[in-house]
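All remarks here apply to the structure that follows.
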Amino acid sequence: MAHEGHDHGASTPPQVTTLAPRAEAASADFELVAVLREGTLAIHLDRFADNAPVDGATIEMDTPEGALTARPMEPGTYVVAAPFAAKPGAHDLAFTVTAGGTVDVLATTLTVPAAPAPAAPRAAPAALALLGGLPLGLLAGAVIGFLAAIVLMSLRRRSAVLVLAAGLGLAASLPPEAQAADAPKPPVRDAAQRLPDGSVIVPKPSQRILGVRTIVTASASHARAVELPGRVVPDANASGLVQTAVGGRLAPPPGGFKPLGTRVAAGDILAFVHPPIGASDLKDLEQQGFELDQQIAIVKRRYERLSAIQNAVTRREVEETEIELKGLQTRRATLERVQREPEALRAPVAGVIATSDAVAGQMADPNTVVFRIIDPDRLWVEALGFSPDVRRSGASGRLADGRSVTLAFLGAGMSDRGQALPLQFAVTAGFEGLRPGQFLTVLAEAGAPRTGIAIPRTAVVRGANGQAIVYEHVSAERFVARDVRTEPLDAGRVLVVAGLPPDRRVVTEGAELIDQIR
């Protein structure tokens, strides 16, 4: 007995009697759980640090009756016959595990409970002992018939109730073997459950299904991060607009308009614009064409005559006439091209078609944006910073679906935008699924470093009261919830500043599923 001020040590975890007999052992490299069921020992082998199954290992088991070698059944699970377990009691076992270049010896004790003794039959009353030689069916029929006759003949309800109570007492006095004929059998598999102290028992097969993974916590100094609202924008050097220089009617190129998402090269023709020509303009153009044709015919005849008498005229006259003829022909060709040749809309940069407003026959005004080209592998993020000490490195972005992207600082604006400083970052990793206009949260380093434990965001779940909790892997199949206080660190991690000591195993994947076990 201890008086005030003394501690008896850590409390013993509650005993679980609904699971099959099992034994567990752990080392710095491996964690092993051996489950006995129907004379076979199923051995579940995982890595101690991250709880990942160990496949392709060799396990030799030393038992009181000799050495046995387990055979693989599925990744991380091995089976071996256990004839020694037919005898109740404690059995000392030693497992020699060889996986890759690591060899480890794990010792444990498997306790096999004794089979429950059958209950002794209660002594029957003397009146019933006289009928013990009769068949059970005949005896039961006689008793039921006797009780029914008395109930029907009784005039008062109280007498009927007493007679029924007497009948129930007789039924209760039947042999226990008859009463327990349909007794429920123990479960054929182990089920996850939450214990009265709040801890959660998750058998190893259930951990494999839930994909439970862990890390070993370590305290370190990390730069404090601030969260900034951001938006994905295209790279100004790898995006462009396709606009019409003059108004006209849109027409598709050979092969038709290209659909959204089509990759194009710089200079590819995406559409044509046919300028509209009114009736009066068309008549003027035709008149100009007739006049040019007439002048071309006159100059051409003069040039032919001068060429025929080159000895009678100067060479200067011949050359001037030739130049005048070529100029008239050029003007006539240009006039034809204005009437027939459309304007070609070409891609200014290489990339994919992000937006398209092209419809055959559509009338487009000058400077109308018909296509927008972007390079999906070259994107920027524009964020608004409200803290003057935001650093220019160590930034990352977190999307609404939990994915993260890596960012590199490009520059900052000199004028405020809504009382905030615009910052631009280049996306260096995590382009998959990004699109311009998509919103995200930018986490940038700011302020003095802070000491704490960095864990993935998926390790933190919310309790019923809104408190942030993490699940500590205290033993092979037992998890305990820990209340923690966290701060943002980057897009994929948070910093635990209170509630969790270092060198503990914390669940990083599957914590949400463990929290739902009742």
Side-chain angles (χ1 to χ4, degrees), residues 10 13 22-35 42-60 70 72 74-78 93-108 192 199-222 402 404 451-461 468-482 484 486 489-497 499-515 517:
R22 61 215 312 111
E24 62 182 59
S27 65
D29 298 316
F30 303 111
E31 185 175 61
L32 181 144
V33 176
V35 182
I43 304 172
H44 305 282
L45 183 65
D46 298 330
R47 286 198 296 264
F48 181 81
D50 59 3
N51 202 51
V54 178
D55 193 16
T58 301
I59 301 179
E60 296 181 356
E74 58 185 36
T77 303
Y78 307 82
L93 306 176
F95 298 90
T96 302
V97 179
T98 304
T102 304
V103 180
D104 204 347
V105 178
L106 305 175
T108 184
S199 61
V200 181
I201 295 296
V202 184
K204 278 296 180 181
S206 299
Q207 295 184 31
R208 304 282 173 81
I209 295 175
L210 300 180
V212 177
R213 296 292 181 268
T214 62
I215 61 169
V216 179
T217 60
S219 180
S221 179
H222 301 273
S404 61
T451 301
I453 298 174
I455 61 174
R457 290 180 176 269
T458 54
V460 183
V461 298
I469 61 175
V470 298
Y471 277 91
E472 179 185 351
H473 196 183
V474 295
S475 64
E477 298 180 326
R478 185 165 174 260
F479 300 84
V480 176
R482 306 292 187 192
V484 295
T486 63
L489 183 59
D490 54 35
R493 300 179 301 168
V494 295
L495 189 67
V496 178
V497 296
L500 183 66
D503 299 328
R504 301 293 180 92
R505 287 189 298 170
V506 172
V507 178
T508 58
E509 298 181 20
E512 286 281 357
L513 301 175
I514 293 177
D515 189 58
I517 296 175

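The figures here come from the full heavy-atom set of this structure, side chains too, leaving out hydrogens, waters and symmetry mates.
For E31, the side chain to side chain donor-acceptor pair (under 3.5 Å) criterion is met by K204, R505, not counting sequence neighbours. When the side chain to side chain donor-acceptor pair (under 3.5 Å) test is applied to R208, the partners found at least two apart in sequence or on another chain are D46, T77. With sequence neighbours excluded, the residues that form a salt bridge (charged side-chain N to carboxylate O under 4.0 Å, His left out) with D50 are R47.
The two residues V470 and V484 make their nearest non-hydrogen contact at CG2-CG1, 3.8 Å. Listed here is the closest heavy atom pair of A99 and F30: CB-CZ, 3.8 Å. Closest approach of A70 and I43 over heavy atoms only: CB-CD1, 4.1 Å. Closest approach of V480 and S199 over heavy atoms only: CG2-CB, 3.9 Å. Pairing each heavy atom of L489 with each of A454, the nearest pair is CD2-CB, 3.7 Å. A pairwise comparison of heavy atoms in V507 and A459 identifies O-CB, 3.1 Å as the closest pair.
Between F95 and L45, the closest side-chain pair of non-hydrogen atoms is not below 4.5 Å. P456 is listed as a side-chain neighbour of I215, based on a closest heavy-atom distance under 4.5 Å. No side-chain heavy atom of Q207 sits under 4.5 Å from any side-chain heavy atom of H44. I469 places a side-chain heavy atom less than 4.5 Å from the side chain of D515.
With rounding to the nearest 0.5 angstrom, the CG atom of L500 is 11.5 Å from the OG1 atom of T486. To the nearest 0.5 Å, atom CZ of residue R504 and atom NE2 of residue H473 are 13.5 Å apart. T96 OG1 to I59 CD1: the interatomic distance, rounded to the nearest 0.5 Å, is 10.0 Å. Considering CD1 of I201 and OG of S475, their distance stands at 6.0 Å, rounded to 0.5 Å. A distance of 4.0 Å separates CZ of R22 from CD of E477, quoted to the nearest 0.5 Å. Atom-to-atom distance recorded for T451:OG1 and L495:CG is 8.5 Å, nearest 0.5 angstrom.
For S27 and D104, the side-chain atoms include at least one donor-acceptor pair closer than 3.5 Å.
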inquiry  = If you apply the rule side chain to side chain contact (heavy atoms under 4.5 Å, CB included), what do you find for Y471 with V212, and how did you get there?
reply    = CA-CA 11 Å; Y471 277 91; V212 177; over 6 Å; no
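No donor-acceptor distance shorter than 3.5 angstrom exists from the side chain of S219 to the backbone of I453, with no hydrogens or angles considered. Looking only at distances, no side-chain donor or acceptor of N51 sits under 3.5 Å from a matching main-chain atom of T214. The backbone N or O of R213 sits less than 3.5 Å from a side-chain atom of T508, completing a donor-acceptor pair. With Y78 contributing its side chain and A57 its backbone, the two residues share a donor-acceptor pair below 3.5 Å.
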